[in-house]
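So you know, we letter chains A, B, ... as the sequences are listed, proteins then strands, and number each from 1. The figures here come from the full heavy-atom set of this structure, side chains too, leaving out hydrogens, waters and symmetry mates.
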Amino acid sequence: MKYNQSIDQKWLKKWRDENLYAYNPKGKGEKFYLLEMFSYPSGSTLHIGHWYNYAPLDTYSRFKRMKGYNVFHPMGFDAFGLPAENFAIQHGIHPHDSTASNIKTMKLQLEEMGGDYDWNYSLETHTEDYYKWTQWLFLKLYENNLAYKKEAPVNWCPSCNTVLANEQVKNGTCDRCESVVSKKKISQWFFKITDYAEDLINDLEDLDWPSSTKKTQLNWIGKSIGSEVSFKVKDQDIDIKVFTTRVDTLAGVTYVVLSPENDLVSKLTKENYQKEVDAYIKKTSTFSEIERMETDREKTGVFIGSYAINPITKEEVPIWISDYVLEGYGTGCVMAVPAHDTRDFEFATKFGLPIRQVIKNGDNDVLPMTEQGTLINSLGYNNLTSEVAKITITKDLEKDNKGQFMTNYRLKDWLVSRQRYWGSPIPIVYCDTCGIVPESYENLPVKLPYDVEFKPDGKSPLAKSEEFINCACPKCKGPAKREVDTLDTFVCSSWYFLRYPDVHNDKEAFNKDIVNKMLPVDLYIGGNEHAAMHLIYARFITKVLKDLGYLSFSEPFSKLRHQGMILGSDGNKMSKSKGNTVIPDQFIKEYGADIFRCYLMFGFSYLEGGPWKDEGISAMARYFSRIESFFERLNDIDREETTKVNDTEKKLLTVMNKTVLGIEEDLDKLQFNTAISKTMEFMNELVRYEQFAEPINIKLLKECASTFIKILAPFAPFFSEELWKDSGNDTSIHLEKWPKVDKSLIEDEQVEIAVQVNGKLRATLPINKDEKEATVKELALDIENVKLHTQGKEIVKIIYVANKIINIVVK
RNA sequence: GCGUGAAUGGCGGAAUGGUAGACGCAGUGGACUCAAAAUCCACCGGUUAGUAGCCGUGCGGGUUCAAGUCCCGCUUCGCGCACCA
C-alpha cells in the first residue's frame with residue numbers, strides 16, 4: 001500500500017457506516033471524560049490551531065479507549081458571538097447561515113482529522129435546544145439574587161458598538177477589533193461572581209492545574225486584606241470611608257484623595273473650587289481607558305476645598321480628587337501616605353503637600369519607603385511593628401466605630417449584557433404594572449428572531465424587532481416589553497460541559513444523576529488565554545449550581561493543561577497580515593491526515609508549541625513509507641527459520657515491552673513527541689531483526705509487528721487500520737486492546753553501568769543485572785582506565801547505584 | 001513595577017539528582033545507479049593525531065560522592081496583570 005488521503009476517505013466511510021465511535025453510557029470500563037475547549041466556528045475551515053489542539057487529544061482518547069476506559073470525548077461549537085456577527089455585517093450573510101455552514105465543514109474536517117467524536121453527543125450553543133437552558137441558567141441566578149441590573153460605567157467599543165467585559169479590554173483597546181475603548185453609563189445585567197470570590201480562591205488548591213494558571217486566577221480575583229477607616233469631614237456630617245492595607249501608616253496621612261467619579265465629590269466641593277473641580281472631572285472623563293492606564297503618566301488632581309479629620313491624630317487634612325484613584329476598587333477613596341506609598345509620594349511632591357515619615361526600617365530613611373517596619377511619630381503606637389500596629393489600630397478604630405477589618409477583591413461582578421444580535425436573548429420582561437419580571441420557564445426559550453437589522457447603530461438590534469420586543473407579562477398577562485440585550489457568549493460556555501453527557505434532554509438542562517456520575521471532567525485542554533475568563537466563569541457557574549442543589553461537585557475540571565501554540569515559520573504568531581499562516585488542507589491533500597497529525601505530535605512539545613517547519617512533515621512521510629516497506633517485506637522473508645527465542649529475539653521483546661510501557665507513561669504526561677519517537681525506536685529494532693537475524697523467528701516477528709500496529713493506532717488511526725487489514729484482520733484495529741506489558745521482559749539480563757572516578761566518567765562496564773555489589777566494585781576497580789585514575793590515591797568511598805552507576809571517590 | 005515561565009548541538013527537541021544531546025531534521029562520507037532521485041550503511045557538541053584527555057546545558061556562587069535538574073544571586077527573552085491604596 002501507499003498511504004494517502006484516499007485511504008483516509010475509505011475508512012472514514014466505513015467507520016461512519018458502522019458507527020464505530022458511538023459512546024455507550026453503560027459501556028464497560030471506568031469513565032474518562034476528556035474534553036477540549038470547543039471551537040468557535042468563525043472561519044469556514046479548521047486552522048492549524050484546531051489541529052494542534054485536537055489531533056493529539058484524539059490520540060490520547062484512543063489510547064485511553066484501548067486501555068479499557070469508557071472514554072467520553074465530545075465535541076461541539078461555541079457558536080454565538082461577535083466574530084460571526086461581524087462577519088455577517090461585512091459580507092451580508094446572516095450569522096445563522098454562516099455559522100451553520102461553517103459548522104458543517106468543520107465537523108467534516110474533524111472527522112477527516114481522524115477524530116473519534118460521537119456526533120450524537122454534540123452541541124451548538126446557538127440552537128434553541130441549547131440556549132433554552134442558558135436562559136434557564138440565567139433565571140436560576142436571577143431567582144437566587146445572583147443576577148441583578150444596575151447602571152454602571154461600562155467599557156464601550158465605538159467600533160463594535162457594544163459594551164465589553166473588563167476581560168475583553170486589552171491595554172485599553174477592544175480585544176477583537178483593537179479600537180480604543182471609552183466609558184459609557186448604561187443599565188446592565190450582572191452576575192454576582194464576587195459572592196464566590198473566596199470559594200474560587202480556596203478551591204484552587206486541590207486542582208491539578210498548571211500553577212501559573214492558578215496564579216493568574218488568584219491575581220485576577222486579587223484578594224487583599226486590610227482595614228476600612230472612616231475619616232470625618234470637617235464641619236459636615238459626612239464620613240469618607242477608605243480601604244487600606246497599611247493602616248499602620250495612618251498617622252502619616254497628609255491628605256485624602258477621591259476618584260473624580262466618586263459620589264462624595266459633589267457634596268464636598270466648596271463653592272469657590274467648583275469651577276476647577278468641574279473642569280478636572282470633565283478632562284479626566286474624556287481620557288480614554290488607554291490613557292488613564294498609563295502608569296507613568298504624571299499625576300494630576302485638584303483640591304476641592306474640604307478637609308477630613310484623621311481619626312487617630314485628629315489632624316485636619318485636605319481632600320483632593322485625582323484620577324489615580326480608581327472608582328471601581330475599594331471605596332473609590334484613598335488615604336494618602338506620601339512617605340510610604342510611591343504614588344502618593346509623587347502626587348504630594350508635585351503639589352507641595354506635606355510628607356511625614358511614620359515607619360522606620362533599619363537605617364533606610366529614603367522616602368518613599370514602602371516596606372513595613374517599626375512605627376514612629378504615631379502617638380501611642382510608636383515602637384510597634386507594622387504587623388502588630390495594623391491589628392492594634394484597627395481594633396481601636398473599631399471601638400470608636402471609626403473602622404474595621406476589611407477584605408477587598410479586584411474581581412468585579414460579571415457583566416453579561418451585550419447590545420448585540422448574535423447571542424441568547426435574556427429572558428426578562430419589563431411590565432408597566434409589575435416591573436422587572438422573569439420570563440416563565442414554560443415560555444423558554446425566548447427565541448432569537450431571524451429577521452432583524454443587526455448592523456450596529458448603538459442600539460440593541462433586538463429593540464428594532466417589533467415581533468420580538470412586544471410580549472405578554474408572565475405575571476399580569478398585560479402588554480409588556482422584552483429585554484433587548486443578549487447574553488455574553490461566556491455564559492454559553494460556562495456550563496456546556498454539563499450539557500454534553502445529557503445533550504438530548506428536553507425536560508431539563510441536564511439530568512442530575514447522569515452529570516454527577518460523568519463529571520468532573522478528568523482532563524480539560526485549551527489555550528492558556530482562557531486562564532482568567534472562561535475558566536473562572538465555568539468554575540463560578542459550577543459552584544452556583546452545586547449550591548442550588550443541581551450538582552454534587554463544586555469544581556468542573558479536575559485536571560487542566562494548556563496546549564502550546566504553533567507559530568509561523570518566522571517565529572511570530574500566525575496572522576494573515578504577516579503572511580505566515582499554514583493551511584492544513586494542502587498538507588492533508590498531499591500526505592494524508594495521519595502524516596500531518598503525527599508530524600504535529602512529533603515535531604513539537606505539546607505544552608510548548610513552536611514555529612512551524614515544512615521539512616518535518618516530509619520526514620514523517622519518510623517514516624510512514626519505512627513502515628510500509630517493512631510490512632511489505634514481512635510476507636516474503638526467505639531465510640532459515642527458527643521457533644527458538646534466543647538472545648536476539650529476547651532483545652526484540654525487550655525493546656517492544658519497553659516501548660509499550662514508555663508510550664503509556666509519555667501519553668499520560670501528554671508527551672506525544674517522545675511517544676512517537678519510541679514507536680520509531682521500536683520500528684528500527686523490528687527492521688534490524690527482519691534484516692539481519694539468521695535464523696529468523698518469523699512467527700515472533702509477526703507478533704511483534706502486530707503489536708506495533710496496535711501502538712501506532714492511536715497516533716495514526718487511518719494508516720494503522722489499513723496495515724491491520726493488510727495483515728489479514730477483518731475487524732477494526734480500533735476495537736483492539738492496548739498491548740499488555742510483560743515487565744519481566746523489560747530489563748535486559750545484561751546492563752551497562754557507568755564507572756566514575758570522582759564523579760567523572762571513566763569507563764562503562766557491562767554486568768549481569770542485579771550483580772552483587774562487591775563483584776561490581778571488584779570489576780570496576782579492575783578496569784584499566786579506572787586503575788589509571790585511582791593509582792597511588794586513597795579510596796575514600798565507593799557509591800554504587802544498582803544497575804546504573806558506580807562512583808569511586810579518591811583522595 | 002508586580003507576578004510567572006523559559007534559556008540544552010546548525011535546527012525541532014530528549015534526559016525519576018546518576019553515562020547530557022534519546023528520536024528526528026539538516027550536514028558529511030560510502031553503497032546501489034550511466035547519472036540523478038529514492039533507499040540503505042557509517043559519522044555527526046567543541047577541541048585534539050587520537051579509541052586517551054580537556055571543555056561543554058544563558059552568567060556567578062553554593063549544596064552533593066554526583067547538578068541541565070536542587071538552593072542563592074544575576075542576565076536576556078516570552079507571557080499575564082498593571083496607579084488595586
Across the strands shown, which category fits [X] at heavy-atom distances under 4.0 angstrom: base, sugar-phosphate, nothing?
X: A/Gly603; value: sugar-phosphate
X: A/Arg762; value: sugar-phosphate
X: A/Asn408; value: nothing
X: A/His562; value: nothing
X: A/Gly527; value: nothing

[X] side chain near [N] phosphate (N/O to OP1/OP2, under 4.0 Å):
X: A/Tyr329; N: B/rA85; result: yes
X: A/Ser625; N: B/rA38; result: no
X: A/Asn785; N: B/rG53; result: yes
X: A/Lys797; N: B/rU64; result: no
X: A/Gln217; N: B/rG80; result: no
X: A/Thr216; N: B/rG3; result: no

- Using the criterion of both pairing distances under 3.5 Å for Watson-Crick and G-U wobble pairs, give all stems of 3 or more consecutive pairs involving RNA chain B.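 So far as stems of 3 or more pairs are concerned, RNA chain B shows B:1-7 with B:75-81, B:10-12 with B:23-25, B:27-31 with B:39-43, B:45-47 with B:53-55, B:58-62 with B:70-74.
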
- What is the distance from atom OH of A/Tyr52 to atom CD1 of A/Ile566, rounded to the nearest 0.5 Å?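 Here the interatomic distance stands at 4.5 Å.
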
- Query: Taking C-beta and beyond as the side chain, do A/Phe587 and A/Ile595 meet within less than 4.5 Å on heavy atoms?
  - Reply: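 Heavy-atom side-chain distance check fails, nothing below 4.5 Å.
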
- May I ask you to test the A/Val317-A/Pro354 pair for a side-chain heavy-atom distance under 4.5 Å?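 With C-beta onward as the side chain, the pair stays apart.
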
- Item | Between A/Ser625 and A/Tyr3: side-chain donor-acceptor atoms closer than 3.5 Å |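 Not at all, the side chains of A/Ser625 and A/Tyr3 share no donor-acceptor pair under 3.5 Å.
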
- Item | Modelled atom types, side-chain donor and acceptor of A/Thr349 and A/Glu346, under 3.5 Å |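 No.
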
Please state how far atom [atom1] in [X] lies from atom [atom2] in [N], giving the value in whole angstrom units.
X: A/Phe604; N: B/rC11; atom1: CZ; atom2: P; answer: 16 Å
X: A/Glu608; N: B/rC77; atom1: CD; atom2: P; answer: 19 Å
X: A/Lys787; N: B/rA52; atom1: NZ; atom2: C1'; answer: 16 Å
X: A/Glu784; N: B/rU51; atom1: CD; atom2: P; answer: 18 Å
X: A/Met533; N: B/rG80; atom1: CE; atom2: P; answer: 10 Å
X: A/Lys214; N: B/rG5; atom1: NZ; atom2: P; answer: 13 Å
X: A/Gln691; N: B/rC40; atom1: CD; atom2: C1'; answer: 8 Å
X: A/Arg246; N: B/rA85; atom1: CZ; atom2: P; answer: 11 Å

Pull out every protein N or O sitting under 3.5 Å from an N or O of nucleotides 18-20 of chain B, one pair per line with the distance.
{"unit_1": "B/rU19", "atom_1": "O4", "unit_2": "A/Glu752", "atom_2": "O", "d": "2.8"}

Nucleotide N/O of nucleotides 71-76 of chain B paired with protein N/O under 3.5 Å:
none

- Message: side-chain contact (heavy atoms from CB on, under 4.5 Å), that's the test. Do A/His789 and A/Ile808 meet it? Break it down for me.
- Response: CA-CA 10 Å; A/His789 287 92; A/Ile808 299 157; over 6 Å; no

Using the [atom1] atoms only, state how far [M] lies from [N], rounded to an integer number of Å.
N: B/rU57; M: B/rG46; atom1: P; value: 15 Å
N: B/rG73; M: B/rG3; atom1: P; value: 12 Å
N: B/rA49; M: B/rC11; atom1: P; value: 26 Å
N: B/rU16; M: B/rG27; atom1: P; value: 31 Å
N: B/rG9; M: B/rU64; atom1: C1'; value: 28 Å
N: B/rA38; M: B/rA6; atom1: P; value: 39 Å
N: B/rG60; M: B/rA15; atom1: P; value: 26 Å
N: B/rG17; M: B/rC71; atom1: C1'; value: 13 Å

- Query: Taking for each residue the nucleotide of RNA chain B bearing the nearest heavy atom, is the 5' side occupied by A/Cys333 or by A/Ser212?
  - Reply: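 Final value for this comparison: A/Ser212.
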
- Message: Return whichever of A/Gly222 or A/Asn219 has its heavy-atom-nearest nucleotide of RNA chain B closer to the 5' end.
- Response: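 The residue whose closest nucleotide sits nearer the 5' end is A/Asn219.
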
- Choose from B/rG53, B/rC81, B/rA85 the nucleotide whose nearest atom is closest to any side-chain atom of A/Arg410.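 Nearest nucleotide to the side chain: B/rC81.
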
- side-chain contact (heavy atoms from CB on, under 4.5 Å) evaluation trace for A/Thr59 with A/Met601: CA-CA 9 Å; A/Thr59 292; A/Met601 286 186 263; 3.1 Å; yes

Could you list all N or O pairs between the protein and nucleotides 22-29 of chain B that sit under 3.5 Å apart?
{"unit_1": "B/rG24", "atom_1": "OP1", "unit_2": "A/Asn684", "atom_2": "ND2", "d": "3.3"}
{"unit_1": "B/rC25", "atom_1": "OP1", "unit_2": "A/Arg622", "atom_2": "NH1", "d": "3.2"}

- Message: Main chain of A/Ile798, side chain of A/Asn807: is a donor-acceptor contact present, judged purely on distance under 3.5 Å?
- Response: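 It does not hold such a pair.
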
- Message: So does A/Thr370 get a backbone contact from the side chain of A/Arg246, meaning a donor-acceptor N/O pair under 3.5 Å?
- Response: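 A pair under 3.5 Å: yes.
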
- Query: Are A/Lys299 and A/Tyr324 in a cation-pi setup, meaning NZ or CZ lies under 6.0 angstrom from the ring centre and within 45 degrees of the ring axis?
  - Reply: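 Yes - A/Lys299 lies over the ring of A/Tyr324, closer than 6.0 Å to its centre and within 45° of its axis.
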
- Task: Return the set of residues passing salt bridge (charged side-chain N to carboxylate O under 4.0 Å, His left out) with A/Glu752 (not counting sequence neighbours), or none when no residue passes.
- Result: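 None.
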
- Task: Could you tell me how the ring of A/Tyr329 sits relative to the ring of A/Phe243: parallel (under 30°), tilted (30 to 60°) or perpendicular (over 60°)?
- Result: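 Plane angle over 60°, so perpendicular.
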
- Message: Could you check, using the six-membered ring where one of them is a Trp, whether A/Phe347 and A/Trp320 have ring centers closer than 6.0 angstrom?
- Response: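 So the answer is yes for these two rings.
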
- Query: Taking it one step at a time, do A/Ile676 and A/Met620 satisfy side-chain contact (heavy atoms from CB on, under 4.5 Å)?
  - Reply: CA-CA 10 Å; A/Ile676 290 191; A/Met620 188 50 70; 4.3 Å; yes

- B/rG9: syn or anti, per glycosidic angle within 90° of 0: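 Judged by the O4'-C1' to base torsion, B/rG9 sits in syn, the angle falling within 90° of 0.
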
- Query: For A/Phe596, which of A/Trp51, A/Phe624, A/Tyr591 qualifies under ring pair (Phe, Tyr, Trp, His ring centres under 6.0 Å)?
  - Reply: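 Passing option: A/Trp51.
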
- Task: Assess whether side-chain contact (heavy atoms from CB on, under 4.5 Å) is satisfied between A/Leu397 and A/Gln404, documenting all intermediate values.
- Result: CA-CA 7 Å; A/Leu397 289 170; A/Gln404 57 181 319; over 6 Å; no

- Item | salt bridge (Lys or Arg N to Asp or Glu O under 4.0 Å) pairs, two or more places apart, involving residues 610-619 of chain A |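 Sorted pair list: A/Lys613-A/Glu615.
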
